[in-house]
Amino acid sequence: MQAIVQQLSPVECVQLAAYYAALPTSIERAQADPVPLGERLYRGGDLRKGIPACLACHGPAGLGNPSAGFPRLSGQYAAYVAAQLKAFRSGEHKDGWQMMTLLTQTMTDE
């Protein structure tokens, strides 16, 4: 993707961004069963396992903190979030600070 974007003019970049911004969005709903545990981890973490509350970095509404490099989680597909957490845990996906790699080490698939 980077090779393609490098060939775009500044005007084309603005036009492309406007196109994507105008597309309709949809929010996937997670399955009901795991939601209470996920919400508990998101809001309060798990002190026993050394997992801080996700909202500390990603915000109470999951909107992220772009200036600090913490992405938005709200509106992401549940399957995508689960896959990313597993990829961090396995070391397949790395972040610059290794923060998510370390935080996911004590997490289970559940």
Side-chain angles (χ1 to χ4, degrees):
M1 190 69 184
Q2 188 175 11
I4 295 169
V5 173
Q6 286 178 339
Q7 297 177 23
L8 297 176
S9 72
V11 171
E12 290 171 323
C13 288
V14 170
Q15 291 171 335
L16 190 59
Y19 168 76
Y20 281 110
L23 291 175
T25 60
S26 64
I27 296 177
E28 179 190 64
R29 298 276 180 205
Q31 295 176 348
D33 293 345
V35 169
L37 174 59
E39 183 176 11
R40 192 167 66 243
L41 282 172
Y42 191 87
R43 298 196 181 287
D46 186 335
L47 185 61
R48 187 173 44 87
K49 290 185 168 187
I51 302 170
C54 306
L55 65 73
C57 296
H58 297 282
L63 300 178
N65 184 342
S67 61
F70 302 122
R72 177 187 186 109
L73 297 179
S74 177
Q76 293 287 0
Y77 289 103
Y80 171 79
V81 173
Q84 291 304 304
L85 289 170
K86 289 174 185 178
F88 278 121
R89 185 178 65 198
S90 73
E92 185 180 327
H93 185 86
K94 297 183 189 300
D95 60 71
W97 303 286
Q98 298 284 329
M99 186 181 313
M100 289 302 298
T101 302
L102 293 171
L103 294 178
T104 54
Q105 294 308 298
T106 59
M107 289 184 177
T108 62
D109 285 355
E110 182 185 42

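By convention here, the first residue in the shown sequence is residue 1.
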*Which residues satisfy the ring-ring contact (aromatic ring centres under 6.0 Å, His included) test with F88, sequence neighbours excluded?*
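For F88, the residues satisfying ring-ring contact (aromatic ring centres under 6.0 Å, His included) (neighbours in sequence not counted) are H93.
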
*Remaining members of the apolar cluster that contains L73, side-chain heavy atoms under 4.5 Å*: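 For the cluster that includes L73, the remaining residues are Y42, L55.
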
*Could you work out the complete set of other residues in the hydrophobic cluster of L16, with links drawn between I, L, V, M, F, W and Y side chains under 4.5 Å apart?*
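Members other than L16 - counting any ILVMFWY side chain reachable under 4.5 Å - are L8, Y19, Y20, L23.
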
[atom1] of [X] to [atom2] of [Y]: how many Å apart, nearest 0.5 Å?
X    : Y   : atom1 : atom2 : result
Q6   : C13 : CD    : SG    : 10.5 Å
E92  : Q84 : CD    : CD    : 9.0 Å
L103 : D46 : CG    : CG    : 12.0 Å

*Does the T104 side chain pair with the main chain of R89, one donor and one acceptor, at a distance under 3.5 Å?*
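Confirmed, T104 side chain pairs with R89 backbone.
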
*Between Q105 (side chain) and T101 (backbone), is there a donor-acceptor pair under 3.5 Å?*
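Confirmed, Q105 side chain pairs with T101 backbone.
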
*Do P71 and Q76 have side-chain heavy atoms sitting under 4.5 Å apart?*
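A side-chain contact under 4.5 Å is absent here.
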
_ILVMFWY cluster, L63 and M100 together (side-chain gap under 4.5 Å)_ =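 As far as the 4.5 Å side-chain criterion goes, M100 and L63 are not connected within one cluster.
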
*asked:* Minimum heavy-atom separation for T108 and K49, please, with both atom names.
replied: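 That would be CG2-NZ, 3.8 Å.
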
*Search all heavy atoms of R43 against all heavy atoms of A53 and return the closest pair with its distance.*
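Heavy-atom minimum between the residues: O-CB, 3.4 Å.
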
_For H58 and F70, take the angle between the two ring planes, folded into 0 to 90°, and tell me which bin it lands in: parallel under 30, tilted 30 to 60, perpendicular over 60._
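The arrangement is perpendicular - the two ring planes meet at more than 60°.
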
